Structure formats: structure tokens, C-alpha cells
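The structure appears below as C-alpha cells.
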Amino acid sequence: MSTTFTIDTATSRATPTPAPMKRLTVPAVQGRKIDGVTTDPLVMLTAYTARQAQLLDPHCDMLLVGDSLGQVIYGLPSTLAVTLDMMCAHGAAVVRGSYHSLVIIDMPFGSYEASPQQAFASASRILAETGAAAVKLEGGQAMAETITFLSQRGIPVMGHIGLTPQAVNALGGYGARGRSEAEHAKILADAHAVADAGAFGVVLEGVMEPLADRITAEIAIPTIGIGASARCDGQVLVTEDMLGMFDRVPRFVKRFDNIAETIGNAAERYAADVRSRAFPTDDQVYRPKN
Ligand code: KIV
């Protein structure tokens, strides 16, 4: 029996009801790269809230609940203070707001590095509490055993190599990686380690373009680039970056809008209307019927 649902996104007070659910699966994402070639690039954006997910979902293959929410939502100086509680709360909201995309949730710093067992406890909590289908974790060779441990126990893992923001203190900043021969060799080895360990995909962040191309050509799983190469199997951006929410535009970001200006202008007009008592008007107040 099939049931038709509608999703009510009419107002901020609406209760969204699920649309017919046909989510992209992990094997479907992996299957987009056939014999080393992806003809239909994978589209991924970050999402942190239900309404944002509703708006992005029809256009994306994957929604990433990134730990970048630490800076974007919480105003933290880095991703290091992001907690499992935060990831679970935002992850569940994004799952509730999406019907088509595969939802992937970042494992926060300190929740997985100690051992495969620690990683399993954290990842299983994330999947159980959010309803998401996969997790992402940072690190290459050092995380290979953990990726295998999780994958073999039914937890799909996306890797993340190159510029790994959780390692900002060790890396000394957020600069692109792979400039020196040693770094180049390390990132290449990381890519193979992550793929061989059983990850279903890997984010290449801030990686020199020729290296990203080489990795994409050499490994069987899809590469998702951010500041990497147009020839990666897919691309990801932090949604607020591509919407123009922030003043600084890093080299790897393309702005598709200027939402900061739109919000600022709307707030300015609202404030003026409140101060001049032009808002609310008769149209926005309730009056008893005579
Ligand atoms: O946390 C995040 O948003 C990410 C993307 C930048 C890939 O990891």
C-alpha cells in the first residue's frame, strides 16, 4: 500500500510530515563511481537544522552534518569543543528535515581517536539517536583500523584527509596540504589506507589539485573535494560559505548568494518599522469579531 504524504513547510510553526521516503543509500553513492569514473558528480552540502535540510535536500545527494557547526552555529574558535550531544541534536534535526539525501554525521574530536571500540560506541550512538546512515571521521593511515572495525560492524564510514580541521593544532593552521614531497606522499598513502580499510567515500580537503586528481584516479571509492579539484567524484561546501553568510571568502569557496546582506537589510527594515510603529499593521493583529 502506498501512502501519499505532504510536507508542510508553510510557516515556522508548521509540523512537517514526511514525504515518501526514498533516500540515497551508501551503496548507491559508492556505485556512482564505476570502473574509476563518476559521470554524475556527487553533490554534498553541510546542513545543521531541519529547515536548512528541507531546502537543500531536493538538490543534494548527501547532507553532511559537519562539525563545522562549532564555528558556524556556536561561534566556537575551532571544531575541537564540539560534542557528541551537539552532533546528535543537529543530526536528528537534519534527518527529520530530509527525505532524499544520504545524511552523514561528523564524529567530533575526542569521540573516536582512542580506539576502534570508543569509535564504535560513539558512532552507534550517533546512528541510533539521529537516524542517519553514516559517519565521517578525520584521519588516514592512523584511522584505518577504526574504519575497518566500524565498517565490518555495519557502520558506513566516510574518510576525511588532507586538511583535517580537528588537527589544527598539529598542522599549525588551515593552509592547503600536499605542497612538500613528504606531505604529498603522506596524503596519497592516507587515501589508499582509507579506501583499503573499507570507507565508502573520502573527503579531500585543501589538497593540491594534481594530488587530488591522482587520488581520484587511483582509488575505487568516490572522492569528495573541498578546495581540491573539479575532477573529484563530488564536491562539498559549508552551506553558509556558499550562501555568503561570512565576510571572508576563502579561495576554495564560490559564493552563490549574499545572504548576510539580505538578512542585514531585512533586520534594518524591521527595526525601523518597530521603532516608527509601522509594524504591526492592522493586517498582523487579532481583533475580536463584533
Ligand atoms: O565539518 C565540515 O563541515 C566538514 C566539511 C568542510 C567537509 O568536514
Side-chain angles (χ1 to χ4, degrees), residues 23-26 29-30 42-48 53 56 60-72 79-80 82-84 86-88 90-92 94-95 98 101-113 116 118-151 153-168 190-191 193-195 197-207 215 219 221-228 232-239:
R23 265 190 209 283
L24 216 61
T25 61
V26 166
V29 165
Q30 209 171 343
L42 289 154
V43 179
M44 180 154 103
L45 280 170
T46 60
Y48 314 123
L56 302 176
C60 290
D61 298 307
M62 293 176 279
L63 292 176
L64 171 67
V65 186
D67 61 353
S68 51
L69 62 74
Q71 288 112 313
V72 177
T79 56
L80 298 187
V82 172
T83 64
L84 265 177
M86 289 177 187
M87 297 312 298
C88 286
H90 289 274
V94 168
V95 169
S98 59
S101 305
L102 174 69
V103 178
I104 302 165
I105 303 195
D106 258 344
M107 299 193 67
F109 178 67
S111 73
Y112 63 95
E113 301 89 331
Q118 184 209 22
F120 184 82
S122 301
S124 57
R125 181 183 158 198
I126 288 173
L127 297 198
E129 289 189 17
T130 65
V135 295
K136 176 167 82 59
L137 57 80
E138 296 182 8
Q141 288 162 299
M143 283 299 124
E145 189 190 346
T146 294
I147 292 170
T148 301
F149 193 88
L150 297 184
S151 308
R153 286 161 180 76
I155 299 182
V157 180
M158 176 169 274
H160 183 157
I161 61 171
L163 169 57
T164 46
Q166 292 176 10
V168 61
D190 281 344
V194 163
F200 73 93
V202 61
V203 168
L204 306 182
E205 179 167 356
V207 170
I215 291 170
I219 65 175
I221 58 173
T223 58
I224 311 297
I226 173 166
C232 284
D233 300 299
Q235 302 292 329
V236 60
L237 280 178
V238 170
T239 297

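If you're wondering where the values come from, they're calculated on a predicted model, not measured in any experiment.
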Does a side-chain heavy-atom distance below 4.5 Å link Pro108 with Thr79?
no
Leu137 versus Leu150, closest heavy-atom pair with distance
CD2-CD1, 4.2 Å
In Å, rounded to the nearest 0.5 Å, how long is the span from CZ of Arg125 to OG1 of Thr130?
10.5 Å
Chi angles and distances behind the side-chain contact (heavy atoms from CB on, under 4.5 Å) call for Val194, Met143
CA-CA 8 Å; Val194 163; Met143 283 299 124; over 6 Å; no
Would you call Ile224 and Met62 a side-chain contact if the rule is heavy atoms closer than 4.5 Å?
yes
Check: Glu129 side chain, Cys88 main-chain N or O, donor-acceptor pair, under 3.5 Å
no
Side-chain heavy-atom pair Pro165, Phe109 within 4.5 angstrom cut-off
no
Considering all heavy atoms, the nearest Ala119-Thr146 contact
CB-CG2, 3.4 Å
Look at the side chain of Asp190 and the backbone N and O of Gln141, then say whether any donor-acceptor pair between them is shorter than 3.5 Å.
yes
Is it the case that the side chain of His160 and the backbone of Val203 share a donor-acceptor pair, with hydrogens and angles ignored and the cut-off at 3.5 Å?
no
For Thr46 and Leu237: C-alpha separation, side-chain torsions, deciding distance, then whether side-chain contact (heavy atoms from CB on, under 4.5 Å) applies.
CA-CA 7 Å; Thr46 60; Leu237 280 178; over 6 Å; no
Report yes if some heavy atom in the side chain of Leu204 is under 4.5 Å from a heavy atom in the side chain of Ile226; otherwise report no.
no
In short, Ala132 meets Ile105 closest at the heavy-atom pair CB-CD1, 3.5 Å
Are Ile104 and Met44 close enough, and set up right, to give a side-chain contact (heavy atoms from CB on, under 4.5 Å), and what steps lead you there?
CA-CA 10 Å; Ile104 302 165; Met44 180 154 103; 4.2 Å; yes
Please check if the side chain of Gln118 supplies one atom and the backbone of Glu113 the other of a donor-acceptor pair under 3.5 Å.
yes
How long is the straight-line distance from CG of Leu102 back to CZ of Phe200, given to the nearest 0.5 Å?
5.5 Å
Thr223 (side chain) donor-acceptor with Val202 (main chain) under 3.5 angstrom
no
Rounded to the nearest 0.5 Å, how far does CE of Met107 lie from NZ of Lys136?
11.5 Å
Which distance, rounded to the nearest 0.5 Å, do you find between the CD of Glu138 and the CD of Glu205?
7.5 Å
Val26 and Ala134 have their tightest heavy-atom pair at CG2-CB, 4.3 Å
Backbone N/O of Ala199 and side chain of Ser151: donor-acceptor pair under 3.5 Å
no
Within a radius of less than 6.0 Å around CD of Glu145, do more than 12 heavy atoms belonging to other residues, nucleotides or ligands occur?
no
Stepwise side-chain contact (heavy atoms from CB on, under 4.5 Å) check, Tyr112 with Leu84
CA-CA 10 Å; Tyr112 63 95; Leu84 265 177; over 6 Å; no
Side-chain donor/acceptor of Ser101 to backbone N/O of Cys60, under 3.5 Å
yes
Minimal non-hydrogen separation, Ala197 against Thr148, with atom names
O-OG1, 2.9 Å
What is the distance from atom CD of Gln30 to atom CG of Leu42, rounded to the nearest 0.5 Å?
10.5 Å
Nearest-0.5 Å distance that lies between atom CD1 in Ile147 and atom CE in Met158:
11.0 Å
What one should report as the nearest heavy-atom pair of Leu56 and Leu45 is CD2-CD1, 3.9 Å
